[in-house]
2 protein chains.
Amino acid sequence: MQPSKIRKSPRQQRSAETVEAILTATAHILVKDGFDGATTNHIAKKAGVSIGSLYQYFPNKESLVRALNDSHTKEILELMRRRFLETWEAPLEDSVRAIVRAMVEVHRVNPELHRVLVNIVPSIGGLTETKALEDAVAAMLTKFLKARKAELRPLKPELSAFMLVHAVEALTHAAVLERPELLKGELFVDEASRMILGYLLGGPEERKSRQKR
Amino acid sequence: MQPSKIRKSPRQQRSAETVEAILTATAHILVKDGFDGATTNHIAKKAGVSIGSLYQYFPNKESLVRALNDSHTKEILELMRRRFLETWEAPLEDSVRAIVRAMVEVHRVNPELHRVLVNIVPSIGGLTETKALEDAVAAMLTKFLKARKAELRPLKPELSAFMLVHAVEALTHAAVLERPELLKGELFVDEASRMILGYLLGGPEERKSRQKR
DNA sequence: CAAGAATGTGAGCTTTTACTCACATCTGCC
DNA sequence: GGCAGATGTGAGTAAAAGCTCACATTCTTG
């Protein structure tokens, strides 16, 4: 195991607040200056604590980013899980749209932090968590595809889930960062859903034999 | 302009070789150790030149990466342009497949370097080139979509190009790095093409009025 | 109200590493 | 050959920043 997590667990309220302040400051500085530009001293100052306190809880700079990534990842996973459950029984097209909306929601929580983390995490050895998140979402989608088997063209659920997770993730990421105006209305959701449904339903000949639209 | 490029242009053959060796070594070290792990001294050693020679041609560490990114970007763009031209007149489905194959080809040139650059470039200020590449490919695709207008559902070429470029880029990237086995046969090309065509052609009702499949 | 545990402080140590510079060597040219 | 410019060298410098540690303050507990 890498020297990843917390060094000392907080027992008192104030120490929990210190840890919180440090992580908040880390997020701010990271967004502003990037990983290299961010110094631990600067983070401590911004958090309003001494550099010593920072190192009492986090053994090194990487662990700060990893802690941040862990909580961000967890948050995303929980949100996706909730949204999947909510839409589990809805008509196919509605479900797909709901899932796309959930992806947008996830990326909008903290777009800048998200982008920075995506770029930093690989060089920190935090890919395990990111991969785990990806796999978890893909697993949910695989289950979803299996449940909807009757409405879809013949396909390999795992493979299709892999394709869709990566495509939609990238699309959402790009839209949030480069074309935020697409997210004002339903335009982006329309387009992404069209791509997904086109992929899942297949051409006319494959649709004929299926019952629902 | 940033202190990006070359400091001194090589006049003699040997200096050109030195520059080449430095860039090759940079690529190697970058892949092995990442941007932070890579030291200029280490790069110079691997290149078989002195640290002084390195700094005679490159003003700083970032410029090394930028030079590498520039040539990589250029290479990709030229390849894409060639492949687009080659398939300009082919039947729609064949064209789409050719374009997907071209994307795979591009990512396979040097997958590790590609991945490392993608992660480093944003923090180096090299996003301009990457964005320019993205835009150039999107522009080609836009043109392509306009030329094929008669065969497609009603769509906004720029928007569709944006969607497709990002989706396919991410898919290819993911497939090369995480599921290389998909690339052995035509499986990946099949799946990606299906997604693209599903998106461009629309549902049965939209296809009826069009002539070609 | 001790007293010890938990928490907080920040000057400064130590290491790392990008980068310089004074000098050496090579190459082309008259 | 010999000069001038191009090219190459690598020990050394200087600045940055991660991190420690000896000490101070605050909290809890009996």
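Every chain is numbered from 1, with letters handed out A, B, ... down the list of sequences.
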Output one line per pair: protein atom, nucleotide atom from nucleotides 9-13 of chain C, and distance, for all N/O pairs under 3.5 Å.
residue	atom	partner	partner atom	Å
C:dT9	OP2	A:Ser50	N	2.9
C:dT9	OP2	A:Ser53	OG	3.4
C:dG10	N7	A:Gly52	N	3.3

Report the distance from atom CD1 of A:Ile22 to atom P of C:dT7, rounded to the nearest whole Å.
-> 12 Å

Could you tell me the separation between the CD atom of B:Glu62 and the C1' atom of C:dT17, rounded to a whole number of Å?
-> 13 Å

CZ-OG distance between A:Arg153 and A:Ser160, expressed to the nearest 0.5 angstrom = 5.0 Å

Here the distance between atom P of C:dA5 and atom CD of A:Gln13, to the nearest Å, is 23 Å

Nearest nucleotide by nearest heavy atom, which residue falls closer to the 5' end of DNA chain D, B:Arg14 or A:Phe35?
-> B:Arg14

Value in whole Å for how far the P atom of C:dA18 lies from CG of B:Leu64 | 10 Å

Cation-pi check, A:Arg179 to B:Phe162: give yes when NZ or CZ is under 6.0 Å from the six-membered ring centre and within 45° of the ring axis, no otherwise.
-> yes

Around atom CD of B:Glu89, are there more than 12 heavy atoms of other residues, nucleotides or ligands at under 6.0 Å?
-> no

Side-chain (B:Lys45) to main-chain (B:Ile51) donor-acceptor, under 3.5 angstrom = no

Side-chain N,O (B:Thr39) to OP1/OP2 (C:dT17) below 4.0 Å | no

Measure the distance from NZ on B:Lys45 to P on D:dA11 and round it to the nearest whole Å.
-> 11 Å

Any Lys/Arg nitrogen of A:Lys131 or A:Asp135 sitting under 4.0 Å from an Asp/Glu carboxylate oxygen of the other?
-> yes

For the pair made of CG in A:Asp33 and P in D:dA17, what is the distance, rounded to whole Å?
-> 10 Å

Could you tell me the separation between the OH atom of B:Tyr57 and the P atom of C:dA18, rounded to a whole number of Å?
-> 21 Å

Is the phosphate of C:dC19, meaning OP1 or OP2, less than 4.0 Å from a side-chain N or O of B:Tyr55?
-> yes

Would you check, one step at a time, whether the test side chain to side chain contact (heavy atoms under 4.5 Å, CB included) holds for A:Glu158 with A:Lys146?
-> CA-CA 9 Å; A:Glu158 289 86 5; A:Lys146 284 178 177 166; 3.6 Å; yes

May I have the distance from B:Glu17 (atom CD) to D:dA6 (atom P), rounded to whole angstrom?
-> 19 Å

Taking the six-membered ring for Trp and the single ring otherwise, decide whether the centroids of A:His114 and A:His173 are under 6.0 Å apart.
-> yes

Ion pair present between A:Arg83 and A:Glu105, side-chain N to carboxylate O less than 4.0 angstrom?
-> yes

Between C:dT7 and A:Ser15, is there an OP1 or OP2 to side-chain N/O distance shorter than 4.0 Å?
-> yes

The helix from C:dC1-D:dG30 to C:dC30-D:dG1: angle between terminal helix axes, five bp per end, to the nearest 10 degrees, reads 10°

Within less than 4.0 Å of OP1 or OP2 of C:dT7, is there a side-chain N or O belonging to A:Thr18?
-> no

Does the side chain of B:Glu186 come within less than 4.5 Å of B:Arg97's, by heavy atoms?
-> yes

